[in-house]
There are 2 protein chains.
Amino acid sequence: MQRASEPASAGGADAFAADLLRGHTDTIVLGVLRARDRYGFEIYKAIRDATGGDYEIKEATLYAAYRRLVKDGLVEAYWGDESQGGRRKYYRITDAGRAVYRRNVDAWVVTRSTIDSLLDLKGSR
Amino acid sequence: MQRASEPASAGGADAFAADLLRGHTDTIVLGVLRARDRYGFEIYKAIRDATGGDYEIKEATLYAAYRRLVKDGLVEAYWGDESQGGRRKYYRITDAGRAVYRRNVDAWVVTRSTIDSLLDLKGSR
DNA sequence: TCTAGTAGTTGATCAGATACAGTACCTGTC
DNA sequence: GACAGGTACTGTATCTGATCAACTACTAGA
């Protein structure tokens, strides 16, 4: 993000990607894991590809999120079959994780309409 | 926010308010100022009331945002008529501010659909 | 007088996101 | 066989927005 570096001229333009999704990372990861277990890099690629490359959650951000989710008991990690070479750490969503996911999706819906209405505050758009 | 403090049990439930709007504060303030100049506390109340009290951007957060916006030339500040006692610092959106606002609203629309699609990634909701 | 609300401000701290760097393995190519 | 590039995972340092917890100052009302 470069928000403050090019204030009036560029400011906030492509500042897009970064902070705007802040706080949603965990929920997004949980969402990806709902269907089936995946390994870290696979989740990264899934998110990157799902947005057509417009948007990318950085690897470091995701691995930090995995650690957080494991610590909080929302996902479990296990090493995959390493016989074919490269190691892969898989993640599995827990029941607690599914519950949090559902609540966070609800929260997102509220947040979304909150921002929508705030940006339309006093009309004149 | 208490995201990490009550992980599996409450975790992320009412974590709602805080981080989920992170990065949108500046845009929200600019949005409030589009229609007319307002003073700091008035903006705070407008945001608080507009969400029916569900959601509140803390005063400290807003005053930090004002400083940032002034520094970046997106709003201008001036002291109001102090003859009736309490001092009030008013904020006026600049042309640069309006431009950034429009771009940020566009970015929000993209962000919104990005999150929507990520939370629906691989269906099965 | 005391309380509460309005109004503005600051300093310390927290936590998520990122940059950057590094390790390790595998595959394809010259 | 060396090397580039992609896959896969990790750690550390830093940035920044948000919040907490104060604080000053004025006004109105119980």
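Reminder, nothing fancy here: chain letters follow the sequence lines and each chain counts from 1. Remember, predicted model here, so these are calculated numbers, not experimental data. Heavy-atom basis, side chains included; hydrogens, waters and symmetry copies ignored.
Within 4.0 Å of A/Tyr39, counting heavy atoms only, lie sugar-phosphate atoms of the nucleic acid but no base atom. Across all strands, A/Glu59 comes closer than 4.0 Å to base atoms (heavy-atom distances).
The side chain of B/Ile57 lies closest to D/dT19, out of D/dT10, D/dT19, C/dG8. Minimum atom distance to the side chain of A/Arg88 is reached by D/dA8, of the listed D/dT10, C/dT6, D/dA8. Proximity note for B/Lys58 (side chain, C-beta onward) versus C/dT18, D/dT16, D/dT19: the nearest is D/dT19.
Considering B/Asp72, B/Asp95, B/Val105, B/Leu74 as possible partners of B/Val100, the one that fulfils the side-chain contact (heavy atoms from CB on, under 4.5 Å) test is B/Leu74.
At whole-Å resolution of the value, CZ in A/Arg48 and C1' in D/dA8 are 13 Å apart. Whole-Å rounding puts the B/Lys89 NZ to C/dT9 C1' distance at 9 Å. In this structure, A/Leu69 places its CG atom 11 Å from P of C/dA17, rounding to the nearest Å. A straight line from NZ of A/Lys45 to P of D/dT7 spans 6 Å, rounded to a whole angstrom. For the pair A/Arg22 CZ and C/dC14 C1', the computed distance is 10 Å after rounding to whole Å. Regarding B/Arg87, its CZ atom lies at a distance of 12 Å from the P atom of D/dT24, rounded to whole Å. Rounded to whole Å, the distance from CD on B/Glu56 to P on D/dC20 is 9 Å. Summarising the geometry, the separation between CZ on B/Arg68 and P on D/dA18 is reported as 5 Å, rounded to the nearest angstrom.
Side-chain contact between B/Trp108 and B/His24 is present, with at least one heavy-atom pair separated by less than 4.5 Å.
The backbone N or O of A/Ile57 sits nowhere less than 3.5 Å from a side-chain atom of A/Tyr44 that would complete a donor-acceptor pair. Here the side chain of B/Thr27 pairs no donor or acceptor atom with the backbone of B/Asn104 at under 3.5 angstrom.
The nearest heavy atom of DNA chain C to B/Phe41 and to A/Ala64 marks one nucleotide each, and the one closer to the 5' end goes with B/Phe41.
Distances shown here put every side-chain N or O of B/Tyr63 at or beyond 4.0 Å from the OP1 or OP2 atom of C/dT9. Within the structure, every side-chain polar atom (N or O) of A/Thr25 is placed at least 4.0 Å from both OP1 and OP2 of C/dG16. At the phosphate of C/dT18, OP1 or OP2 sits under 4.0 Å from a side-chain N or O atom of A/Thr61.
For the residue pair A/Ile93 and A/Arg34, the shortest heavy atom distance occurs at CG2-CA, 4.5 Å.
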